[in-house]
Amino acid sequence: MADVEFTTPPTLPQPNGYSHAATIGPGHRLVWTSGQVPIAADGTPAPAGDWEAQTRQAMQNVGLALTAAGATWGDVFKLTIYVVDTSALATVRAVRDEFVNVERPPTSSLVQVASLFRPDLLIEVEAVAAIADR
């Protein structure tokens with residue numbers, strides 16, 4: 001993990017699975033992923049309507065993008081999650097917690113959107129990571 005300090009000040013509400021702020025130390029480069037949806041490399045989408053499967057596939061895709069850029073889930077300090085409905089938030093959080101360090105959770109935004117680019121997709125996830133300069 002890069003030199004990242006996560007902060008949750010007592011002046012803000014207690015977060016549920018995320019940190020309020022993150023500071024990156026000098027000598028690091030940032031890695032951004034594009035939004036990743038629950039579609040496998042062969043074009044197969046995760047099952048329609050299955051929040052757990054779709055969230056897991058989107059998170060796996062983020063992990064693959066991070067790896068391609070030389071980062072890992074342990075380097076992630078910011079997540080943005082777009083969902084078409086918040087009714088399955090507990091499922092989304094549970095799957096997210098399989099990937100992130102729950103002891104030092106990244107900063108996070110969850111945004112409900114009217115729809116994604118395909119009507120069968122429920123979720124899109126993007127990440128920002130910090131890794132030490134080489």
Side-chain angles (χ1 to χ4, degrees):
M1 161 61 81
D3 182 19
V4 178
E5 181 181 329
F6 294 100
T7 306
T8 299
T11 54
L12 290 170
Q14 186 62 35
N16 185 0
Y18 63 92
S19 297
H20 280 292
T23 306
I24 311 302
H28 294 85
R29 64 186 177 98
L30 301 180
V31 174
W32 279 266
T33 70
S34 291
Q36 299 297 315
V37 294
I39 298 175
D42 67 1
T44 306
D50 186 335
W51 277 99
E52 184 175 350
Q54 288 207 16
T55 303
R56 186 165 286 106
Q57 181 66 61
M59 297 294 278
Q60 288 170 342
N61 288 351
V62 170
L64 293 168
L66 290 167
T67 299
T72 69
W73 274 105
D75 300 316
V76 171
F77 68 90
K78 172 67 170 138
L79 277 178
T80 304
I81 301 172
Y82 302 92
V83 296
V84 298
D85 182 358
T86 59
S87 65
L89 190 52
T91 299
V92 170
R93 285 182 176 152
V95 173
R96 173 206 60 196
D97 289 352
E98 294 173 15
F99 293 85
V100 302
N101 180 348
V102 296
E103 299 300 317
R104 298 181 70 219
T107 61
S108 185
S109 298
L110 177 82
V111 181
Q112 183 174 345
V113 296
S115 66
L116 295 171
F117 76 100
R118 282 178 38 171
D120 58 329
L121 301 180
L122 303 172
I123 188 167
E124 184 168 338
V125 181
E126 59 187 34
V128 183
I131 56 178
D133 278 337
R134 296 178 209 177

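Excluded from the calculations below are hydrogen atoms, water molecules and symmetry mates; all remaining heavy atoms, backbone and side chain alike, are included.
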* Does Arg56 pair with Glu98 as a salt bridge, N-O distance under 4.0 Å? -> yes
* What is the distance from atom CG of Leu122 to atom CG of Leu116, rounded to the nearest 0.5 Å? -> 8.0 Å
* Determine whether Leu64 and Val125 fall in the same hydrophobic cluster, where Ile, Leu, Val, Met, Phe, Trp and Tyr are linked whenever their side-chain heavy atoms lie under 4.5 Å apart. => no
* Rounded distance [0.5 Å steps], OG in Ser19 versus NZ in Lys78 -> 11.0 Å
* Asked: Roughly how far apart are Arg96 CZ and Leu89 CG, rounded to 0.5 Å?
  -> 8.0 Å
* State whether the side chain of Gln36 and the backbone N or O of Ser34 hold a donor-acceptor pair below 3.5 Å, judged by distance alone. => yes
* Among Val100, Val62, Leu66, Thr33, which residue meets the side-chain contact (heavy atoms from CB on, under 4.5 Å) test with Val76? -> Leu66
* CD1 on Ile131 to CD1 on Ile24, rounded to 0.5 Å -> 11.5 Å
* Does Tyr18 share a hydrophobic cluster with Val95, counting links as ILVMFWY side-chain heavy atoms below 4.5 Å and allowing steps through other members? -> no
* Side chain to side chain, Phe77 and Thr23, heavy atoms closer than 4.5 Å -> no
* Side chains of His20 and Phe6: closer than 4.5 Å at any heavy-atom pair? -> no
* To do: Ignoring hydrogens and angles, tell me if any N or O in the side chain of His28 forms a donor-acceptor pair with the backbone of Ala129 under 3.5 Å.
  => no
* Are the side chain of Arg104 and the backbone N or O of Val4 linked by a donor-acceptor pair below 3.5 Å? -> yes
